[in-house]
Undergrad: 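Questions regarding the structure given below will be posed in turn.
Order of appearance sets the numbers: ligands from 1, and atoms from 1 within every ligand. FYI, side chains are in, hydrogens and waters are out, and symmetry mates aren't considered; it's all heavy atoms of this structure.
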Amino acid sequence: MTRERIYLFDTTLRDGQQTPGIDFSVEDKIAIASMLDEFGIDYVEGGYPGANPTDTAFFAERRTSQATFVAFGMTKRPGVSVSNDPGIASLLQARSDAVCFVAKSWDYHVQVALGCTNEENLESIAESVKAVVAAGKEALVDCEHFFDGYKANPEYALACARTAYENGARWVVLCDTNGGTQPPEVRAIVEAVIAFGVPGDYLGIHAHNDTGQAVANSLAAVEAGVRQIQGTLNGVGERCGNANLVTLIPTLALKSAYNTRFETAIDAERLTNLTRLSHAFDELLNRSPDHQMPYVGASAFATKAGIHASALLKDPRTYEHVPPESVGNFRKVMVSDQGGKANFINALKRRGIDVAKDDPKLDLLISIVKEREASGYAYEGADASFELLARRTMGTIPDFFTLDGFRVMIERRFDSHGRIKIVSEAVVKISIDGQTLMSVAEAEGPVNALDLALRKDFGKYQHEIDDLVLADFKVRILNGGTEAITRVLIESTDSSGVRWWTVGVSDNIIDASFQALMDSVIYKLMKNRQLAGKIAAE
Ligand SMILES: CC(=O)SCCNC(=O)CCNC(=O)[C@H](O)C(C)(C)COP(=O)(O)OP(=O)(O)OC[C@H]1O[C@@H](n2cnc3c(N)ncnc32)[C@H](O)[C@@H]1OP(=O)(O)O
Ligand SMILES: CC(=O)C(=O)O
């Protein structure tokens, strides 16, 4: 059976740019356009040439090699001819393959925002589309507020869509601009547009996520007949965002409700790059990926629950709706107080630790983890501390050194200009082979001072920890008030590029930090001897 082609239109660089807090540079735009192009998206909308210097510079060159490169802008202003409209001139001059116009299709907006007659707006749509087609470019029309406009005045909304189509627009895109429309309404209105004479394979959907329905609305529109979906990477976009292409693409590819009838340019091989694409985009935005994002989140194929892990390890299909590797993600069976033997055996095996189901040390480890988690530890995010705890319980960690104690003093001083200066001084005492080593260090913060002191003199191991870097430090207060328990997570790395997380818990933040620091150093010494950190592929 032949499947119908659904075209994917990415507006990350245009609607995504309207997200509060997102501000792309030209370099960011170049990088994102090439990521989308390489991934196989059909249309990449780059922005609004003429609206700002970044977008104008971005459109000085064509930025995709496969994807249709699209410039966005508004239809000509009423009362001005296309040849005298500077906005249209910028769009025609941009080095794009296509122009996507935003056009009013709600009569109320025509009256309030444009202040012209309905007929003048139809003329703007027709003339703008004709100018783009005459310039040898593909024309698309985003019918802004189409669904709200249809509800208010169906004849006028339909006339706008048909005007765009009849004057040569390759795509007439129905926009749920305010994001309030629901899937049954989208389905019914798309069917009405097709019945009015605009064919489904000329129609697109642009859904906003203000009621959390952008993906559902896009799929409802496809079922009703549209053949282009507009969306963004990770669902960025104005207000609550746009339809998330990172969710839509695998749903269309992997779910039989869609993949038996439709296909996109993203085949099975390209789909395996999805998680990387989504995370690379977050990296570029300098933000952490959403762990719970469908398909690509770190938790999308993770389980803590013992009953789930036990069945999952017998057959992954028991608790997975699609194989994680199909989208480039992976399965994660975690250890926590929700876990049973299956979680632990699997987690230990991944670290090269073989333990039998009836080994009493396994029961001991499980009870220690459960007890510690009850007191505030969280091992699911502290892989290195979990591994050390397991190896300690199994009795396989060498006595590298012993800690004799530490002390931290914090002083609030005033400099010669009367400015406040905080100075922390830390003293750490350790013993290696019976020899006591005492180090003192100063820094602004107490944890920094402790870290410097701990790593200042490590005797015969000093050269082994020189490349150890503390990459991140997270503090969480577990219950409020003066009885608060503090959990500290530290991310470490070294010249090998490997990263590991350690945890410390105490009613004193400095003590919690020190525990996490100690685990980090011990893990590094274990790793150097290839006694830890071996992660086997699942
Ligand atoms: C639904 C959407 O997401 S549409 C995209 C929205 N994105 C943006 O607006 C981001 C980029 N925009 C901009 O940088 C600026 O708005 C510009 C450069 C495009 C225009 O700036 P200005 O000329 O100063 O106009 P301003 O932003 O104040 O107002 C928009 C004007 O466009 C007119 N307009 C809005 N939509 C359309 C349209 N589809 N067709 C014709 N004119 C339109 C409005 O009536 C208003 O005209 P007015 O100035 O005569 O009142
Ligand atoms: C065009 C557009 O971004 C919208 O109508 O939401």
Undergrad: Check each atom of ligand 1 against the heavy atoms of K76 and keep those under 4.0 Å away; list them by number with element.
TA: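 So the atoms of ligand 1 that pass are 41 (C).
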
Undergrad: May I ask you to list the atoms of ligand 1 that are less than 4.0 angstrom from any heavy atom of F72?
TA: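 So the atoms of ligand 1 that pass are 4 (S), 5 (C).
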
Undergrad: Considering only the protein, which heavy-atom contact is closest to atom 13 (C) of ligand 1, and what is its distance?
TA: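 Ranking protein heavy atoms by distance from atom 13 (C) of ligand 1, first comes A51 CB, 4.1 Å.
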
Undergrad: Identify which one of L91, I125, L140 satisfies the side chain to side chain contact (heavy atoms under 4.5 Å, CB included) criterion when paired with F101.
TA: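 Among L91, I125, L140, the one meeting side chain to side chain contact (heavy atoms under 4.5 Å, CB included) with F101 is L91.
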
Undergrad: Taking 4.0 angstrom as the limit, do D383 and R350 come out as a salt bridge?
TA: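 Judged by the 4.0 Å cut-off on N to carboxylate O distance, D383 and R350 do not form a salt bridge.
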
Undergrad: Which residue and non-hydrogen atom of the protein lie closest to atom 36 (N) of ligand 1, and at what distance in Å?
TA: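 Closest protein heavy atom to atom 36 (N) of ligand 1: K104 CE, 3.7 Å.
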
Undergrad: Please indicate, with yes or no, if any protein heavy atom is found under 4.0 Å from atom 9 (O) of ligand 1?
TA: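 When distances to the protein are checked, atom 9 (O) of ligand 1 has no heavy atom within 4.0 Å.
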
Undergrad: With rounding to the nearest 0.5 angstrom, report the CG to CD distance, D148 to E185.
TA: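 Result: 9.0 Å between the selected atoms.
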
Undergrad: With under 30° as parallel and over 60° as perpendicular, where do the rings of Y165 and Y202 fit, or are they tilted in between?
TA: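 Plane angle over 60°, so perpendicular.
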
Undergrad: Give yes or no for whether the N/O distance cutoff of 3.5 Å, strictly under, is met between H145 and ligand 2.
TA: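 For ligand 2, there is no N or O atom that lies under 3.5 Å from one belonging to H145.
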
Undergrad: Is there a protein heavy atom at a distance of less than 4.0 Å from atom 26 (P) of ligand 1?
TA: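 Under 4.0 Å from atom 26 (P) of ligand 1, zero protein heavy atoms found.
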
Undergrad: What's the shortest distance from atom 39 (N) of ligand 1 to any protein heavy atom, and which residue and atom give it?
TA: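 Minimum-distance protein heavy atom for atom 39 (N) of ligand 1 reads V102 O, 2.8 Å.
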
Undergrad: When rounded to the nearest 0.5 angstrom, what distance separates CD1 in I205 from CD1 in I229?
TA: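 Separation between the atoms: 8.5 Å.
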
Undergrad: Working to the nearest 0.5 Å, report the span between OG of S96 and CZ of F72.
TA: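 If we round to the nearest 0.5 Å, S96:OG and F72:CZ are 13.0 Å apart.
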
Undergrad: Considering heavy atoms of the protein only, find what lies nearest to atom 5 (O) of ligand 2 and give residue, atom and distance to 0.1 Å.
TA: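 Of every protein heavy atom, T177 OG1, 2.6 Å lies nearest to atom 5 (O) of ligand 2.
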
Undergrad: To the nearest 0.1 Å, how far is atom 1 (C) of ligand 1 from its closest protein heavy atom, and which atom is that?
TA: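 Going by distance alone, atom 1 (C) of ligand 1 is nearest to E144 OE2, 3.4 Å.
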
Undergrad: Tell me: protein heavy atom nearest atom 11 (C) of ligand 1, and distance?
TA: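 Ranking protein heavy atoms by distance from atom 11 (C) of ligand 1, first comes Y48 CD1, 3.6 Å.
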
Undergrad: Using a 4.0 Å cutoff against the non-hydrogen atoms of R14, which atoms of ligand 1 qualify?
TA: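 Contacts of ligand 1 toward R14, numbered from 1: 2 (C), 3 (O), 5 (C).
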
Undergrad: Heavy atom of Q18 under 4.0 Å from ligand 2?
TA: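 No.
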
Undergrad: Which residue and non-hydrogen atom of the protein lie closest to atom 40 (N) of ligand 1, and at what distance in Å?
TA: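 I find the closest protein heavy atom is T75 OG1, 2.7 Å.
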
Undergrad: With nothing but distance in play, are any N or O atoms of D15 less than 3.5 Å from an N or O of ligand 2?
TA: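 Yes, D15 has an N/O under 3.5 Å of an N/O on ligand 2.
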
Undergrad: Any atom of ligand 1 sitting under 4.0 Å from a heavy atom of A113?
TA: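 Yes, A113 has heavy atoms under 4.0 Å from ligand 1.
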
Undergrad: Counting only heavy atoms on the protein side, is anything nearer than 4.0 Å to atom 34 (N) of ligand 1?
TA: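 Yes, at least one protein heavy atom sits under 4.0 Å from atom 34 (N) of ligand 1.
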
Undergrad: Under 6.0 Å from the CD1 atom of I307, do we count more than 12 heavy atoms belonging to anything else shown?
TA: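 12 or below, so no.
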
Undergrad: Does ligand 1 come near enough to G50 that some N or O of the ligand is less than 3.5 Å from an N or O of the residue?
TA: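 No; every N/O pair is 3.5 Å or more apart.
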
Undergrad: Report yes or no: is the cationic atom of R95 (NZ for Lys, CZ for Arg) closer than 6.0 Å to the six-membered ring centre of F69, at no more than 45° off its axis?
TA: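 Ring-cation test returns no.
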
Undergrad: If you measure from each heavy atom of F101 to ligand 1, is any distance below 4.0 Å?
TA: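 No, that is not the case, since the closest heavy atom of the residue is not under 4.0 Å from the ligand.
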
Undergrad: Taking heavy atoms and a distance under 4.0 Å, where does T177 meet ligand 1: side chain, backbone, both or neither?
TA: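 Side chain only.
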
Undergrad: Taking atom types as modelled, find out whether Y295 and S326 have a side-chain donor-acceptor pair closer than 3.5 angstrom.
TA: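 Not at all, the side chains of Y295 and S326 share no donor-acceptor pair under 3.5 Å.
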
Undergrad: Atom 21 (O) of ligand 1: protein heavy atom closer than 4.0 Å?
TA: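 Neighbour list for atom 21 (O) of ligand 1 is empty of protein heavy atoms (cut-off 4.0 Å).
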
Undergrad: Run through K29, R63, R14 and flag the one making a salt bridge (Lys or Arg N to Asp or Glu O under 4.0 Å) with E45.
TA: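 Exactly one option meets the salt bridge (Lys or Arg N to Asp or Glu O under 4.0 Å) with E45, and it is R14.
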
Undergrad: Please check atom 29 (O) of ligand 1 for a protein heavy-atom neighbour under 4.0 Å.
TA: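 No, there is no protein heavy atom closer to it than 4.0 Å.
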
Undergrad: Quick one: look at H206 and ligand 2, take heavy-atom pairs under 4.0 Å, and tell me if it's side chain, backbone, both or neither.
TA: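 Looking at H206 and ligand 2, just side chain atoms fall under 4.0 Å.
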
Undergrad: What's the verdict on side chain to side chain donor-acceptor pair (under 3.5 Å) for W171 and Y7, showing C-alpha distance, side-chain angles and the deciding distance?
TA: CA-CA 10 Å; W171 293 102; Y7 291 84; over 6 Å; no

Undergrad: What protein heavy atom sits nearest atom 1 (C) of ligand 2, and how far away is it?
TA: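 Here the closest protein heavy atom is D142 OD2, 3.4 Å.
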
Undergrad: Against heavy atoms of M74, which atoms of ligand 1 measure under 4.0 Å?
TA: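 Those qualifying, in numeric order: 32 (O), 33 (C), 34 (N), 35 (C), 36 (N), 37 (C), 38 (C), 39 (N), 40 (N), 42 (N), 43 (C).
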
Undergrad: Can you name the atoms of ligand 2, numbered from 1 with element, that are less than 4.0 Å from a heavy atom of H208?
TA: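 Once the distances to H208 are compared, the set is 6 (O).
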
Undergrad: Considering only non-hydrogen protein atoms, determine which one is nearest to atom 47 (O) of ligand 1 and report residue, atom name and distance to 0.1 Å.
TA: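 Checking every protein heavy atom, the shortest distance to atom 47 (O) of ligand 1 gives R77 NH1, 3.0 Å.
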
Undergrad: Any nitrogen or oxygen of Q18 lying under 3.5 Å from a nitrogen or oxygen in ligand 1? Just yes or no.
TA: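 N/O-N/O distance below 3.5 Å exists for this pair.
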
Undergrad: In terms of heavy-atom contacts, does CZ of R5 have more than 12 from other residues, nucleotides or ligands at under 6.0 Å?
TA: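 Enclosed: over 12 neighbouring heavy atoms sit under 6.0 Å from CZ of R5.
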
Undergrad: For ligand 2, is any non-hydrogen atom under 4.0 Å from R239's backbone (N, CA, C, O), its side chain (CB onward), both, or neither?
TA: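 The answer is neither.
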
Undergrad: Between S34 and D37, does any side-chain donor sit less than 3.5 Å from a side-chain acceptor?
TA: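 Judged by distance alone, the side chains do not pair up.
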
Undergrad: Could you check T11, N217, D15 and say which one makes a side chain to side chain donor-acceptor pair (under 3.5 Å) with H206?
TA: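 Looking at T11, N217, D15, the match for H206 under the side chain to side chain donor-acceptor pair (under 3.5 Å) is D15.
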
Undergrad: Are there protein heavy-atom neighbours of atom 15 (C) of ligand 1 below 4.0 Å?
TA: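 False for atom 15 (C) of ligand 1.
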
Undergrad: Please state whether the rings of Y319 and H308 are parallel, tilted or perpendicular, taking 30° and 60° as the class boundaries.
TA: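 Rings of Y319 and H308: parallel, under 30°.
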
Undergrad: Counting both backbone and side chain atoms, is some N or O of P78 under 3.5 Å from an N or O of ligand 1?
TA: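 There is no such contact.
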
Undergrad: Parallel, tilted or perpendicular, judged at 30° and 60°: which one describes the rings of Y377 and Y379?
TA: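 Taking Y379 first and then Y377, their aromatic rings lie parallel (interplane angle under 30°).
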
Undergrad: For R187, I'd like to know if atom CZ has over 12 heavy atoms of other residues, nucleotides or ligands within 6.0 Å.
TA: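 Result for CZ/R187: enclosed.
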
Undergrad: Could you establish whether Q17 and ligand 1 come within less than 4.0 Å of each other, counting only heavy atoms on the residue side?
TA: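 In this structure, Q17 fails to qualify as a contact of ligand 1 - no heavy atom is under 4.0 Å.
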
